[in-house]
Amino acid sequence: MTDVRVTHIGGPTTLIEVGGWRLLTDPTFDPPGRRYSFGWGTSSRKTSGPAVAVADLPPVDAVLLTHDHHGDNLDTAGRALLPTADAVLTTPSGARRLGGNARGLAPWTTTRLQAPGRTAIEITATPARHGPPLSRPITGDVTGFALHWKGQQHGVLWISGDTVLYDGVRHLARRLNVGTALLHMGGVRFPLTGPIRYTMTAAQAVELCRLLTPRTALPIHYEGWHHFRENREAIERHLASAPADIRDRFRWLPAGTGVDVSV
């Protein structure tokens, strides 16, 4: 059995420590209060800051960036951090925009992190869609990540990225054995576009866990921004009516404290 330590820093930002590697997801370290534009008339205000400051982070080996073009997944302080990592893995379009140490991964392509004395990690990009059908030209490209290394007992560590539940994500069950799922939730929506959702709702997360049957589901990306419409309380209300077999898979990460997860 292999343990991985996950620290939830805030929003979509986590520090994943495994096999001698430190991997940071979607760096967001700006203080609260600022309003960010997401394009096409949509915007949101950040309501809480990170639980761990940039200055208190250990050195980061790689950044797993689900997308670079929205401030709630890569803000100003997070962008300044990118050059300090050995590699930034993201979408092909994001890598072209970022340049430097950014590496683009198309869906279902794999890269490998390896170094003497460390566990080699295979990182595979997985499909994601940041909104309803036909929204990709507006919302832009997003990716998830599946992490595999020797010694995993329960399956890959999967990071959903900002996605709704759609066939591209449902089909993960055919290709991956998911042991731990970091689920970007929050049921994002904006007044301008009414009831349309841009990330998973609690109902979608329950349905996805029914399909993937992960050993552990870790909700992230549900607090800290005004456009997150389902907070922990709302998610827990929905989980209370879910089958026990699904409900018991969910585990909440404390802010700023590393938690060991068996993978």
Side-chain angles (χ1 to χ4, degrees), residues 11-13 25-28 35-46 64-75 78-79 89-98 102 104-109 124-146 158-176 181-212 219-231 234-235 238:
T13 309
T25 69
D26 286 350
T28 54
R35 179 168 289 277
Y36 297 74
S37 173
F38 299 141
W40 298 87
T42 61
S43 66
S44 184
R45 183 172 56 84
K46 189 172 187 178
L64 307 180
L65 181 60
T66 66
H67 59 302
D68 68 299
H69 52 282
H70 292 154
D72 60 326
N73 294 82
L74 181 66
D75 60 17
R79 192 174 292 268
L89 305 180
T90 189
T91 63
S93 59
R96 288 192 294 270
R97 284 188 291 268
L98 293 170
L105 295 176
W108 298 117
T109 60
T124 300
T126 61
R129 194 183 73 201
H130 203 352
L134 306 179
S135 64
R136 200 179 305 273
I138 297 173
T139 58
D141 293 332
V142 181
T143 188
F145 298 100
W158 176 58
I159 303 156
S160 72
D162 282 15
T163 186
V164 295
L165 181 60
Y166 77 111
D167 283 347
V169 173
R170 289 188 182 95
H171 292 165
L172 289 173
R174 301 178 185 174
R175 302 188 61 159
L176 295 175
L182 262 71
L183 300 178
H184 288 217
M185 296 181 63
V188 164
R189 63 183 177 87
F190 300 95
L192 184 69
T193 52
I196 293 173
R197 302 287 182 160
Y198 296 91
T199 60
M200 268 188 283
T201 62
Q204 289 178 336
V206 166
E207 172 65 11
L208 181 58
C209 286
R210 186 187 65 79
L211 295 171
L212 297 182
I220 59 173
H221 190 274
Y222 59 84
E223 43 68 45
W225 291 80
H226 188 258
H227 64 306
F228 293 172
R229 297 307 175 91
E230 288 190 358
N231 59 15
I235 295 169
H238 191 88

Search all heavy atoms of [X] against all heavy atoms of [Y] and return the closest pair with its distance.
| X | Y | value |
| --- | --- | --- |
| Pro191 | Arg229 | CD-NH2, 3.8 Å |
| Val169 | Pro127 | CG2-O, 3.8 Å |
| Ala128 | Arg136 | O-NH1, 3.0 Å |
| Arg129 | Ser135 | CG-OG, 4.4 Å |
| Leu98 | Ala102 | CB-CB, 3.9 Å |
| His67 | Asp141 | CB-O, 3.4 Å |

*Check the angle between the aromatic planes of Phe38 and Phe190 and answer parallel, tilted or perpendicular using the 30° and 60° thresholds.*
perpendicular
To the nearest 0.5 Å, what is the distance between [atom1] ([X]) and [atom2] ([Y])?
| X | Y | atom1 | atom2 | result |
| --- | --- | --- | --- | --- |
| Arg35 | Trp225 | CZ | CH2 | 10.0 Å |
| Trp158 | Leu182 | CH2 | CG | 10.0 Å |
| Met200 | Leu165 | CE | CG | 7.0 Å |

Give a yes or no answer on whether the side chain of [X] reaches the backbone of [Y] with a donor-acceptor pair at less than 3.5 Å.
| X | Y | result |
| --- | --- | --- |
| Ser160 | His184 | yes |
| His69 | Thr139 | yes |
| Arg197 | Thr199 | no |

Would you say that [X] contacts [Y] through its side chain, given a criterion of any heavy-atom pair below 4.5 Å between the two side chains?
| X | Y | value |
| --- | --- | --- |
| Leu65 | Pro27 | yes |
| Phe145 | Thr124 | no |
| Gln204 | Leu208 | no |
| Leu105 | Thr143 | no |
| Cys209 | Leu183 | yes |
| His238 | Glu230 | no |
| Leu172 | Leu212 | yes |

**Q.** Heavy-atom neighbours of His171 NE2 exceed 12 at 6.0 Å
**A.** yes
- Quick one: do Tyr198 and His227 satisfy ring pair (Phe, Tyr, Trp, His ring centres under 6.0 Å)? Show the steps, please. CA-CA 10 Å; Tyr198 296 91; His227 64 306; 9.3 Å; no
key: Worked verdict on Lys46 versus Thr28 for side-chain contact (heavy atoms from CB on, under 4.5 Å)   = CA-CA 10 Å; Lys46 189 172 187 178; Thr28 54; 4.3 Å; yes
Could you walk me through whether Asn73 and His221 satisfy the side-chain contact (heavy atoms from CB on, under 4.5 Å) test, starting with their C-alpha distance in whole Å, then the side-chain angles of each, then the deciding distance to 0.1 Å, before giving a yes or no?
CA-CA 9 Å; Asn73 294 82; His221 190 274; 4.3 Å; yes
Decide yes or no on side chain to side chain donor-acceptor pair (under 3.5 Å) for Asp68 and Thr90, but give the supporting numbers first. CA-CA 8 Å; Asp68 68 299; Thr90 189; 5.1 Å; no
Quiz item: Between the side chains of Asp162 and Thr66, is a donor N or O closer than 3.5 angstrom to an acceptor N or O?
Solution: no
